[in-house]
Amino acid sequence: PEYTVTVNSKLNKEKVAALPTQAQIVLKVIGKKVMQYADLIEALGKSELKTVQGPARIWAFYKSRLLREKLIVIGDAKTA
């Protein structure tokens with residue numbers, strides 16, 4: 001997939017604290033950067049994310065929840 005990911009600058013700290021650890025790590029990896037999908041998956045692979053599933057699978061699992069809770073913003077890859 002070709003898109004960018006950023007963390008919502010107005011994210012609610014209590015909402016983040018209620019997330020599973022893996023979802024919190026995803027947000028931490030993105031941080032204040034605008035990341036391309038491929039860069040995000042690579043960074044997750046190098047992070048403290050400890051799981052049997054690969055980073056792409058973890059991202060796929062949490063992406064919709066993070067979007068639904070307005071914790072991340074997905075953008076067009078061409079604007080990055």
Side-chain angles (χ1 to χ4, degrees):
E2 289 287 326
Y3 55 79
T4 61
V5 185
T6 52
V7 172
N8 183 345
S9 59
K10 299 178 183 117
L11 63 83
N12 179 315
K13 299 227 184 306
E14 291 80 32
K15 199 180 271 191
V16 172
L19 291 171
T21 303
Q22 292 176 332
Q24 291 181 38
I25 291 171
V26 169
L27 292 175
K28 183 176 163 188
V29 166
I30 300 167
K32 297 187 185 309
K33 302 181 288 293
V34 175
M35 298 191 81
Q36 297 284 342
Y37 168 80
D39 297 333
L40 171 61
I41 299 307
E42 183 179 332
L44 285 172
K46 295 176 182 173
S47 74
E48 70 264 30
L49 193 63
K50 301 295 178 237
T51 177
V52 175
Q53 291 90 10
R57 182 122 186 221
I58 293 299
W59 167 245
F61 185 79
Y62 288 113
K63 178 180 147 193
S64 61
R65 179 176 178 178
L66 295 173
L67 273 171
R68 186 174 62 248
E69 296 187 18
K70 296 181 175 38
L71 296 171
I72 60 169
V73 178
I74 300 291
D76 186 355
K78 294 180 190 82
T79 62

How would you list, by chain and number, every residue that makes a side chain to side chain contact (heavy atoms under 4.5 Å, CB included) with Lys33, sequence neighbours excluded?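 By the side chain to side chain contact (heavy atoms under 4.5 Å, CB included) rule, Lys33 matches Met35.
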Where [X] and [Y] come nearest, the two heavy atoms and their spacing:
| X | Y | answer |
| --- | --- | --- |
| Pro20 | Tyr62 | CB-OH, 3.6 Å |
| Ala23 | Leu66 | CB-CD2, 4.4 Å |
| Tyr37 | Ala56 | OH-CB, 3.9 Å |

About how many Å separate [atom2] of [Y] and [atom1] of [X], when rounded to the nearest 0.5 Å?
| X | Y | atom1 | atom2 | result |
| --- | --- | --- | --- | --- |
| Leu71 | Thr6 | CG | OG1 | 11.5 Å |
| Leu40 | Trp59 | CG | CH2 | 5.5 Å |
| Lys28 | Thr21 | NZ | OG1 | 11.0 Å |

Decide side-chain contact (heavy atoms from CB on, under 4.5 Å) for Ile74 and Val5; before the verdict, give the C-alpha distance in whole Å, the side-chain angles of both, and the deciding distance to 0.1 Å. CA-CA 5 Å; Ile74 300 291; Val5 185; 3.9 Å; yes
Sequence neighbours excluded, which residues qualify as ring-ring contact (aromatic ring centres under 6.0 Å, His included) partners of Phe61? none
Please check if the side chain of Gln22 supplies one atom and the backbone of Leu49 the other of a donor-acceptor pair under 3.5 Å.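 Such a contact is absent between Gln22 side chain and Leu49 backbone.
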Between Leu11 and Val16, is there a side-chain heavy-atom distance shorter than 4.5 Å? yes
Is there side-chain contact between Glu69 and Leu19, with heavy atoms separated by less than 4.5 Å?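 The answer is yes; the side chains approach within 4.5 Å.
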Partners meeting salt bridge (Lys or Arg N to Asp or Glu O under 4.0 Å) with Lys13 (sequence neighbours left out): none
Heavy-atom count around [X] [atom1] within 6.0 Å, excluding the residue itself: above 12?
| X | atom1 | result |
| --- | --- | --- |
| Glu48 | CD | yes |
| Arg65 | CZ | yes |
| Lys15 | NZ | yes |

Give a yes or no on whether Ile41 and Val34 share a hydrophobic cluster (residues Ile, Leu, Val, Met, Phe, Trp, Tyr; joining criterion: side-chain heavy atoms under 4.5 Å apart). no
If the test is side chain to side chain contact (heavy atoms under 4.5 Å, CB included), which one of Val26, Leu27, Asn8 qualifies with Ile72? Leu27
